[in-house]
Every structure is written in structure tokens, then in C-alpha cells.
Amino acid sequence: MSTGSPDSLLPDGETLEELSNSPRATFDVEKIRAEFPVLDQRVNGHPLIYLDNAATTQKPRSVIEAIGSYYSNNNANVHRGVHELSQRATVDFEQSREKVRNLIGASSIEEIIFVRGATEGINLVAQTFGRTRVRAGDEILITTMEHHSNIVPWQMLCEQVGAKLKVVPINDRGEISLDEYESLLGEKTRLVAAAHLSNALGTINPVHEMVRLAHEKDIPVLLDSAQGTSHLEVDVKDIDCDFLVLSGHKMYGPTGIGALYGKKEHLSAMPPYQGGGDMILSVTFEKTTYNELPHKFEAGTPNIAGAIGLGAAIDFLESCGVKALMEHEHEVLVYGEEALRNLPEVRLIGEAKEKSSVLSFVVAGVHPHDLGTILDHQGIAIRTGHHCAQPTMERFQVPATARASIACFNTKQDIDALIRGIKSAIEVFT
Amino acid sequence: MDLRELYQDLILDHSRKPRNFRTLPSARCAEGYNPLCGDRIKVFVNIEGNMVKDVCFQGAGCAICTASASLMTDAIRDKTEEQAHEIFESFHRLVTSEEPPKAEGIDLGKLSVFAGVREYPIRIKCATLAWHTLRAALDKETEAITTESTD
């Protein structure tokens, strides 16, 4: 995993060596854990060990309180009331947009569209950008490791306009080859849509190179960063992607809120996604004038509490320090990979060189679903199944995997418990 | 509850060494799929008169799914189609009902080991997939059966 320069982790004047010999000054996992009320419970008689963060992360107290506070103190509709509560709600809502902008390094809040989640963001691009730019015979390029939400909207578009979906293959480690990728960027390719960080494999795609190669042929790129924003430093200007989607609930925020980033030149040219309130400047029965960006794409009363919760989640991420958090998660990931490799019955699915936060695996003689039940009995929550990535499962010729996915609050002790649980399952079944 | 009440020895035995795990050409056949966990099995039945002369299955599933399919094939061989449907109903009640099963005149025999499944709602579909697939095969339905609409 490329964690960037570790310099900023170091207190002034301290070398990396000194830091590694001293207790971690910048990331106190026990302090972080104390921020998550849900972790303080027993499940089936055992302390909860939550390793299903790729499905949804747990929520820190600050996020829960921000949502409660909005409803307790400021609940009102946004963008139209002259009264005090509406103004407070609008300010908080728009501040969250600014927090999203700042987190991903976008140029302007006009480029940040609030949506229900990453899925809706992708559908929005498919049905607006896609419907106006993709014609019969054109191609959309995705990768083998996509989540269904970055496959199905493109299949629907292809069906609507008669275009074709092309797929970049992946190797046995779960990585795309840039050569193969480049060879699939053709004259008919109208868009690349790729995972930033794979939810099923943990692969971090070489997004800078992918965008550069696509742009050499004037092909825009959408990144599905549903898993990316809580585990990676994301800078859309540096990556130079044309679109990026993120999901609130996968980055310590609430469900039902996410954001679409789009370069202003694209968003300005795109037709609206849905019609309704908030997305208009004026309406007569003869003609409607659409609102300015970003409101043009936000029909209807938005998820105000969700957006405010997302803003609090971004504050939380930034208070942890994204780099420090990446370092910590990577340490737990590598520890987990080594422990799993030491079990002869276990086969890791997804061993990319650039990897983050996901331990996907199968255990010989133990079906993932049975493993999930046995671990649950020990208070350990993992995901089992196809992870909404059936083509990825097919690529590795497994019907399902077990997946332990790491967040900032997980520890090596959590991994130890997981390994003990897997061993106990192996004992039951073999 | 103790996990061993779910994973009883008989279930573990049948999941490791499923009985009647083969195909049957020119038999009634249906395919069942549980999208939640990826379990996929095919059930084949050979009917003579109204008797189940042979029944077998193939596919890949979790221990509960595989053992349920295996024990099912043993349970309904040489039964009439009507009896097979009755056993289906009785088994379904065993794994889904809140109440302990009443004496119903149908002896589920070895199938009673699945009583523990009802404590694990998310696993009920694992136990019933083979049975829904069997019913589809008996009814000569050919479409793939999915657990999403049947339980």
C-alpha cells in the first residue's frame, strides 16, 4: 500500500526509527475505540469484534450526536426559509458540502452533488452523462473487480443506447494489468468506470495511471471510491478523474447519503437527473429553468440530517488523520494476512501488492456461511457471500468468500480472535 | 444456544459425505439458488407411477444446505409424491415454526436434527433450499428457484 510520505506522522525532530521504538504518538486506537458506542457490548456472550466495515462502518459518537442535534435543535427545510431554523439547517448542510469538497480536494462546491450513496452517484452519471454521450456501438470500460453497483447501471445504459460493456481482466492476485487496460481503451470507448479500492479483494487500483492513459485518448474516467474515502487519501485534482462517487456510511457517516464529484465542465453540460423542487430557478407550464450547480442535480428535499452526519464523519476522519489511520489499518491488515497465510487450510482471495483493509478468504472444508455463523457465536462479525461482486467470485472460481474488513478501530487482538475462531471452525468441520 | 445443536454430528457427517450426490439423466430436474450465500444445487427425481423411485442432487452449498439435501434424498425415496409434499410441509414447519413441532402423524426421523436451525433465522434458507428445489422438480418447474421469494 502506498501510504505516501510518513513524514507528517512524525513529531518535530523525531526520526522514523525513534517513532517505531516509542509508543505511537499520533494514533491511539483505544481512544478511537472509545468514540464508537456500538463497540461497547457483548454479542453471544463475547465482546463484539466488528470486522464488517466494508459493508458499513460503525459510527463515532460525534456523528450520532450531530444527527440528533440537527433534529433536536435545527430541523427545518434548506435553501428556502427566511426563518432562523431554516438558515441554521442550510448553513450546516452547505458546510457539509464544503467538508466533502475539502476532503477530496475538489476545486469548488459546485462540483459536489449530494446523492443517496455511491450507487446513486453512478446511476446519475450513467443516466445523464451516459445518455447524452454514449451512442449505439460505443463502449464503456469497467474492470472485473467491480461491485454490482458499478456494473449494473452501465449494463442498463448499454441496453438503452445499444452500447457495449467491456471488462478489464484481473490476474490471480486480483490486479489489473495496465497493458491490458490500455489495449482496451479504444476509439469507441466513451467512459472508464473503475473501483478505486475493491470491496471484495482490497485491491487499490493504479488510478493515476488509469486516468492518464484514458485521458491520452480523451476518455473520461469515473472512480467508484465507496471504499476509498475512509481508507485512502483522495485528491481528485491530483488523480484528475472526471467523476468520483463516495458513500457516507462506508466512511463512518450515516446511510442514505453520499456524494458525486464531477468536473464542472462535465456537470454543466449534463442534463438534470431528476426533476422536482430545489433543482429549478423558475417554473412555468411552458418552460423550466434549471438551477445552478450543484443544485441542478438535487431534486427534492435532500437528506439534510444525513449530509450533516457525513460532515461530522469527515471531521472525525480528519481528527484521526487520514495518513495515521492508513498506517494503523495497514499494520493490522499485514498482521492479518500473515496470520491467515499461516493456516494451511486458508486461501487468501486478493493478494494485490497495493492493498487496503480487506481480508477475503476461503477455508478448505468450511463453507463461508458456516464460518460466519461460528464466528458470530464468538461475537465476531464478518461478511460471507459474494459481496455484491459475483463476477469477481467467478474469476476466482469460488461461490463465496469470508471477508474480514478493517477500520480505524480494529486491532491486532481483533485479528487474533478471528484466527482463533477460524481454527475452531476448522476443528468442527474436519 | 450451543452451536452443537445446529451443527449436530449427523449434519456434519452428511455435509462431509453427502448421500445420493450424483446426477440422474432423463429425470425431472430443478435448480435452486440462494443468492445470499451462493448456494446452488440441482435436484433430480425419477417418478414411476406416483412413486419417487430415485432422487439425487448435485451442487455446492454450506454444511446446512448440503446435509439437508442429502438427508432429504434419503427421506423421500420410495415415498409417493403426495407423501413427499407432506414431508416438505412438515420439515418446513420444523425449521421455521416458533412452536416446537406437534405430533403430526409424520415421523421426520433423522430430519429432526434440523430443529436447531429455527434459532438461526438467517440459516433457514440454507436448510430449505433443497426442499424448495425438490418441490419445483416434482411440479416439473424448470425455472431456477430462488430462496428470495419462497421463504
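The chains referred to below are lettered A, B, ... by the order of the sequence lines, with proteins before strands, and numbering in each begins at 1.
- When every heavy atom of R16(B) is checked against every heavy atom of F429(A), the shortest pair comes out as NE-O, 2.8 Å.
- Ranked by non-hydrogen atom pairs under 4.5 Å with chain B, the options H386(A), M393(A), H369(A) are led by H369(A).
- Heavy-atom minimum distance, G38(B) versus P399(A): O-CB, 3.9 Å.
- Counting non-hydrogen atoms of neighbouring residues, nucleotides and ligands closer than 6.0 angstrom, the CZ atom of R77(B) exceeds 12 such neighbours.
- When the options N44(A), I374(A), V428(A) are evaluated for a side chain to side chain contact (heavy atoms under 4.5 Å, CB included) with L3(B), the one that passes is I374(A).
- For CG of N342(A), the number of neighbouring non-hydrogen atoms (other residues, nucleotides, ligands) closer than 6.0 Å is greater than 12.
- With sequence neighbours excluded, the residues forming a side chain to side chain donor-acceptor pair (under 3.5 Å) with D39(B) are H367(A), listed by chain and number.
- D370(A) and Y7(B) share a donor-acceptor pair across their side chains, judged by distance under 3.5 Å alone.
- Within a 6.0 Å sphere centred on CD of E82(B), heavy atoms belonging to other residues, nucleotides or ligands number 12 at most.
- In this structure, chain A has a heavy atom under 4.5 Å from the side chain of L12(B), while its backbone stays farther away.
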